[in-house]
Amino acid sequence: MIQLYNTLTKKKEPFKPLKDGVAGLYTCGPTVYDLAHIGNFRAYVFEDLLHRYLEYSGFKVLRVMNITDVDDKTIKGSQAEGKSLTEYTDRYISAFIEDMEQLRLKKPDYLPRATEHIPEMVSIIKKLLEKGYAYRKDDSIYFSISKFPSYGKLASIDLSEIKPGVRVDVDEYEKEDVRDFALWKEEKENVFWDTELGRGRPGWHIECSAMSMKYLGESFDIHTGGVDNIFPHHENEIAQSEAATGKKFVNYWLHCSHLLVNNEKMSKSKGNFHTLRDLLNKGHNPIAIRYLLLSTHYRDPLNFTDKSLVQAENTVKNYNAFYQAMDFCKTEKEDNSIRPAIEKARKVFTEGLNEDLNISLALSGIFNLIKTANIALTDGAIGVKEAADIKSFLEEIDSVLAILDTEKTELTEEERNLITERGSARKDKNFKKADEIRDKLKAKKIILEDTPYGTRWKRT
RNA sequence: GGCCUGGUAGCCAAGUGGGAAGGCAGCGGUCUGCAAAACCGUUAUGCGCCGGUUCAAAUCCGGCCCAGGCCUCCA
C-alpha cells in the first residue's frame, strides 16, 4: 500500500483511488513564456517518479499536465516581440517537450493548453455567477472568498491574518475585497476571447479547474505542484471547483519543496539561474541531472551545486558500468547469494517508495544488491543465468528510475578486430602496441578493462 | 509579525525511543605488464546549540541559533 503525504490533511495517508486500479493525476505544468529552469524540472521529475511508481505498483495512471499559454507574462513577451500569442508560446512548448524527453519524463496522457479550453472555463464561471459565488466588477469577474467558508484550509491560512492594507492591487482591477481573486479579466492588451461573459481572458486559477475536471472528472485522486502553488493557486482551485460542483475536488494534494542553488533561492538577479539547456551545453549528462533531481526526497529542499552534479554523474556512470558488466559473465558457475539479494533489493525498493516515495531508502536496496553482486563477481561466481536475472531486475526498476543506458551498442567489425589484435600484442608482451590500440579505442569512447576472465569493453 | 520546512562524516543523504543505511570523494592495500573496474581496510563515542523527560534520545518536550519557503498570478 502506497502512503502519500497529503498537504490537505498534513499527514501521510494510504493511497486509495476513487476508481479501483486507476489513478487520476493532475500535475501543474509550465507557463510557457520562457525556457523552464531546473527548479521547475525538479517538480516535473518528482511528478514523473510518482507517475512511474504508481504504474509500477499496478495502477493505470490517467495524467494531465496543463500548459499555461495565456497570462501576463506570455502576453507581455509576445507583444514585445510583435508576435501572436500562439506563435510566441509554441516555441516554448516545443522546447519544453524536448527538455522533458532529455530528462526521460513520461509524457502525460493529456497536455492541454489553456487557450484551447476557454469554453470550459466560461461554463464554470457562469455556474459560479449563478450560485452567487462570483460577482462582476466592471467587465471583470471575481470569486468572493467570503462565500466559501473553508477557504484557507489547504494552506492553513487564517483569513483574518491576511493584512489587506499592505497589498497593492497589481492587476489594476477593482475588487470588493482585495483577497478575492479574478476568474475573468476584462479586455486589455488586445488579447481577448469574445464569450457569453463578454470580451476578456481567463484568470490563472480557473484554467486548472477547467482542464482537470474535463479530463479527470469533477472529483479526482491526486493534484501536485511546487510548494509555492499551495497558496494562493491551489487554494483558489479548491474554492472555485468545489463551489461550482458541490463535490470534493481532489483527495490527495502533493507538493514538492524548492530547489536551491548554492544554498540560495534561484533567481535571475543572483545569476544562479540554470535552464536545462545551459547545463547540457556545458556538457552535463541529462540522466545525471535527472538522477540528481530524483535522488532527494521530494519534500526536502534540494541544494543544487556543481559538486552534487559531479557526484550524480559518477553514481550514474558506476551504476551503468555495473549493468553493462553483466554482459561479460560467461561462466556456468552459480552463486546462491544472488537470488535472495535480488528479492531483498526489490523488497527494500518497494517498501521505500511505498513510504511517501522514500527514494533514498529505495536506492539503498539497489546499491546493496550491486555490492553483493560485485563480491560474487570478484570470485567469478556470477554465471550467465544470474547475470541475466540481475539485468532484468535492473530493467524492471528502471521503469521507475529511468537512469539506465539500455541501448545495445555493438562493436563494429573494425573495433572487434582491434580488440583481438591488442589481445595478441599483450600475449606477445608487445605492450607498446597494446597501449596504442587501447588509446585509439579510448578516443572512440570505448574503454577497455582487462579482467581475469578476459577483456571487457564499455562505451562512455 | 503569522504559518511551514530543513540543519546527521569532506560532500549528498536514510533513519520518529534500545545496533548511526546508502551514494560520491579521499587515504592504505589486493589484483594488473601498466591501467581501468572490482574487492579488502579506513573515514561521526556522535546526529545545529542549551536544558528537560526516560533505565535508554539523532528520534519525545521546552528554549535558542542558522538556512530556506509561503503570506502579491514563481515548480
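Within every chain, numbering begins at 1; the chains are lettered A, B, ... in the order of the sequence lines, protein sequences first and strands thereafter. Please read these numbers as outputs of a predicted model, since none were measured by experiment.
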**Student:** Could you check whether A:Phe249 and A:Phe220 have their ring centres less than 6.0 Å apart?
**Tutor:** yes

**Student:** Sticking with atom C1', work out how far B:rC31 lies from B:rC39, rounded to a whole angstrom.
**Tutor:** 9 Å

**Student:** Taking the C1' atom in each of B:rU8 and B:rG22, what is the distance between them to the nearest angstrom?
**Tutor:** 13 Å

**Student:** When every nucleotide of nucleotides 6-11 of chain B is labelled 5' to 3' by its protein contacts under 4.0 Å (heavy atoms), B for base, S for sugar-phosphate only, - for none, what sequence of letters results?
**Tutor:** S---SB

**Student:** How long is the line joining CD of A:Glu355 and C1' of B:rA21, in whole Å?
**Tutor:** 16 Å

**Student:** Can you tell me, in whole Å, how much space there is between the P of B:rC71 and that of B:rA9?
**Tutor:** 32 Å

**Student:** For A:His205 and A:His233, what are the C-alpha separation, side-chain angles and deciding distance, and is it a side-chain hydrogen bond (donor to acceptor under 3.5 Å, both in side chains)?
**Tutor:** CA-CA 6 Å; A:His205 316 294; A:His233 184 49; 2.9 Å; yes

**Student:** Which nucleotide, in any strand shown, forms a Watson-Crick or G-U wobble pair with B:rC49, with both distances under 3.5 Å?
**Tutor:** B:rG63

**Student:** How would you label the contact of A:Leu292 with the nucleic acid (heavy atoms, under 4.0 Å): base, sugar-phosphate, or nothing?
**Tutor:** nothing

**Student:** Counting the atoms with a prime plus P, OP1 and OP2 as sugar-phosphate, which does A:Asp71 contact under 4.0 Å by heavy atoms, base, sugar-phosphate, or nothing?
**Tutor:** nothing

**Student:** Base, sugar-phosphate or nothing for A:Pro232? Non-hydrogen atoms, less than 4.0 Å.
**Tutor:** sugar-phosphate

**Student:** Give one of base, sugar-phosphate or nothing for A:His233, where a contact means two heavy atoms less than 4.0 Å apart.
**Tutor:** nothing

**Student:** Base, sugar-phosphate, or nothing: which does A:Gly225 touch, judged by heavy atoms less than 4.0 Å apart?
**Tutor:** sugar-phosphate

**Student:** Using distance alone, with no hydrogens and no angle criterion, decide if A:Thr74 and A:Asp69 have a side-chain donor and acceptor under 3.5 Å apart.
**Tutor:** no

**Student:** Roughly how many Å is it from CG in A:Asn303 to P in B:rC66, rounded to a whole number?
**Tutor:** 19 Å

**Student:** Measuring to OP1 and OP2 of B:rA21, would you say a side-chain N or O of A:Asn368 lies under 4.0 angstrom away?
**Tutor:** no

**Student:** Walk along nucleotides 30-39 of chain B from 5' to 3' and tag each nucleotide B, S or - by protein heavy-atom contact under 4.0 Å, base first, then sugar-phosphate.
**Tutor:** ---BBBBSSS

**Student:** For residues 363-373 of chain A, which residue pairs qualify under side-chain hydrogen bond (donor to acceptor under 3.5 Å, both in side chains), counting only residues two or more places apart or in two chains?
**Tutor:** none

**Student:** Remember a base hit wins even if backbone is also touched, and classify A:Thr296 as base, sugar-phosphate or nothing at under 4.0 Å, heavy atoms.
**Tutor:** sugar-phosphate

**Student:** Is it true that A:Tyr319 and A:Phe322 have ring centroids separated by less than 6.0 Å?
**Tutor:** no

**Student:** Is A:Thr224 reaching over with its side chain to a backbone N or O of A:His255, donor-acceptor style, under 3.5 angstrom?
**Tutor:** no

**Student:** Out of A:Met100, A:Glu47, A:His51, which one pairs with A:Pro108 under the side-chain contact (heavy atoms from CB on, under 4.5 Å) rule?
**Tutor:** A:Met100

